[in-house]
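Predicted model, so just to flag it, every value in this text is computed and none were measured.
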Amino acid sequence: MLPVVTRSAAMLVYRFDPNGDLEVLIAHMGGPLWAHKEDHAWSIPKGLFEPGEDALTAARREFHEEMGSPSPEGPYLELGDTKTSSGKVITTFAVHGDHDVSTFSSNLFEMEWPRGSGNIQEFPEMDRAGWFDLDTAATKLVKSQGSILTTLSQKLTP
């Protein structure tokens, strides 16, 4: 029997600052496990999608859920698939836009906290968002997503 591959769809929004430098919008993961971490504790807005579901539709839905407002309208760049160390495959799309992070509001998830306590608490899936240049974003993103920035940069370079 073949192993089931978990698939996620991601939406990476990018813009150019006044100097023409590329910036990307990423979000810090919420909940107590990430609360005191900064480096490699951020993610491109993403989430699971089912076989047969359109990846772009899923990426747009997940962006809305995690960022609190719709992603900018296309055209969308396909950045391809990235495999994480856990075996998950992330299908990423990019779109140019200037998303206002002051409107940030993420969906919630439940988990037992503290572990073993029996107490179920709600936490935001993402607790903040920000625009970062590619070098800073590479330091902030979980390691498995760093190559997505390289792909974006290559696609935008004439």
Side-chain angles (χ1 to χ4, degrees), residues 3-50 53-101 103-107 109 111 123-158:
V4 176
V5 175
T6 303
R7 298 192 59 91
S8 286
M11 181 63 67
L12 180 60
V13 178
Y14 67 92
R15 69 181 184 188
F16 296 93
D17 72 10
N19 296 322
D21 295 324
L22 182 60
E23 295 180 323
V24 293
L25 177 64
I26 58 176
H28 185 270
M29 291 183 278
L33 302 178
W34 299 100
H36 301 292
K37 296 178 181 175
E38 191 64 23
D39 289 352
H40 307 298
W42 293 64
S43 178
I44 298 166
K46 64 173 179 41
L48 298 177
F49 72 102
E50 299 299 321
E53 182 180 15
D54 177 67
L56 177 58
T57 300
R60 294 185 72 205
R61 179 192 68 239
E62 291 296 329
F63 183 94
H64 194 185
E65 288 176 6
E66 293 187 358
M67 302 300 286
S69 56
S71 70
E73 291 296 321
Y76 300 99
L77 294 173
E78 293 183 35
L79 301 183
D81 292 343
T82 305
K83 191 172 185 178
T84 68
S85 59
S86 68
K88 180 189 294 184
V89 175
I90 303 170
T91 301
T92 305
F93 298 88
V95 63
H96 182 265
D98 193 13
H99 189 79
D100 181 1
V101 294
T103 64
F104 174 81
S105 173
S106 184
N107 56 329
F109 71 96
M111 72 179 283
F123 300 96
E125 194 164 341
M126 302 294 190
D127 58 21
R128 63 188 185 277
W131 287 99
F132 299 98
D133 63 73
L134 292 187
D135 288 339
T136 304
T139 300
K140 290 185 175 296
L141 280 174
V142 293
K143 291 180 182 180
S144 62
Q145 294 179 15
S147 65
I148 296 169
L149 300 178
T150 303
T151 302
L152 174 66
S153 181
Q154 290 170 346
K155 291 246 182 189
L156 294 177
T157 302

Next item on the list: For Arg128 and Glu38, work out which heavy atoms get closest and say how close.
Entry: NH2-OE1, 2.5 Å
Notebook entry, point to check: Tell me, which pairs form a ring pair (Phe, Tyr, Trp, His ring centres under 6.0 Å) where one or both residues lie in residues 127-158, sequence neighbours left out?
Noted result: Trp42-Phe132
Next item on the list: Start with the C-alpha gap between Ile26 and Gln145, add the side-chain angles, then the distance that decides, and say whether side chain to side chain contact (heavy atoms under 4.5 Å, CB included) holds.
Entry: CA-CA 11 Å; Ile26 58 176; Gln145 294 179 15; over 6 Å; no
Margin query: On a heavy-atom basis, which atom in Ala10 and which in Ile90 lie closest, and how many Å separate them?
Written below: CB-CG2, 3.8 Å
Check: How close do Leu79 and Ala94 get, heavy atom to heavy atom, and via which atoms?
Finding: CD1-CB, 3.8 Å
Note to self: Are Ser71 and Phe93 packed together at the side-chain level, in the sense that at least one heavy-atom pair is separated by less than 4.5 angstrom?
What the structure shows: no
Notebook entry, point to check: Is there side-chain contact between Phe49 and Thr91, with heavy atoms separated by less than 4.5 Å?
Noted result: yes
Check: What pair of heavy atoms forms the shortest contact from Pro72 to Gly97, and how long is it?
Finding: CG-CA, 3.9 Å
Check: Of all residues at least two apart in sequence or in a different chain, which pass the side-chain hydrogen bond (donor to acceptor under 3.5 Å, both in side chains) check with His40?
Finding: none
Notebook entry, point to check: Yes or no on side chain to side chain contact (heavy atoms under 4.5 Å, CB included) for Asp133 and Asp21, after CA distance, side-chain angles and deciding distance?
Noted result: CA-CA 7 Å; Asp133 63 73; Asp21 295 324; 5.9 Å; no
Check: Ser147 and side-chain contact (heavy atoms from CB on, under 4.5 Å): which partner among Thr82, Leu141, Leu152, Thr92?
Finding: Thr82
Notebook entry, point to check: Does Glu53 come within less than 4.0 Å of Arg60, counting only side-chain N to carboxylate O?
Noted result: no
Checklist line | CG on Asp100 to CG on Asp98, rounded to 0.5 Å | finding: 8.0 Å
Next item on the list: Let me see the working for Trp34 and Asp127 under side chain to side chain contact (heavy atoms under 4.5 Å, CB included), right down to the final yes or no.
Entry: CA-CA 10 Å; Trp34 299 100; Asp127 58 21; 5.9 Å; no
Notebook entry, point to check: Taking Lys155 for the side chain and Glu78 for the main chain, is one N or O donor matched with an acceptor at less than 3.5 Å?
Noted result: yes
Margin query: Could you measure the distance from the NE2 atom of His64 to the OG atom of Ser105? Nearest 0.5 Å is fine.
Written below: 9.0 Å
Checklist line | Any Leu12 side-chain heavy atom under 4.5 Å of Leu77 side chain | finding: no
Notebook entry, point to check: Which pair of non-hydrogen atoms, one from Leu25 and one from Ala129, has the smallest distance, and what is that distance?
Noted result: CD1-CB, 4.3 Å
Next item on the list: Could you tell me whether the side chain of Ser144 and the main chain of Thr84 form a donor-acceptor pair under 3.5 Å?
Entry: no
Next item on the list: Take Glu66 and Asn107 through the test side chain to side chain contact (heavy atoms under 4.5 Å, CB included) and record every step on the way to the result.
Entry: CA-CA 6 Å; Glu66 293 187 358; Asn107 56 329; 3.9 Å; yes
Next item on the list: State plainly whether the residues Glu62 and Lys46 are in salt-bridge range, i.e. N to O under 4.0 Å.
Entry: no
Checklist line | Minimum side-chain heavy-atom gap His96-Phe16 below 4.5 Å | finding: yes
Margin query: Is the shortest side-chain heavy-atom distance between Pro45 and Met126 below 4.5 Å?
Written below: no
Next item on the list: Determine whether Pro32 and Met111 make a side-chain contact, defined as any pair of heavy atoms from C-beta on separated by less than 4.5 Å.
Entry: yes
Item checked: Non-hydrogen side-chain atoms of Met67 and His99 separated by less than 4.5 Å -> yes
Next item on the list: For residues Arg7 and Lys88, determine if any side-chain heavy atom of one lies less than 4.5 Å from a side-chain heavy atom of the other.
Entry: no
Margin query: So which atom in Leu22 and which in Ser153 form the shortest heavy-atom distance, rounded to 0.1 Å?
Written below: CD2-CA, 4.4 Å
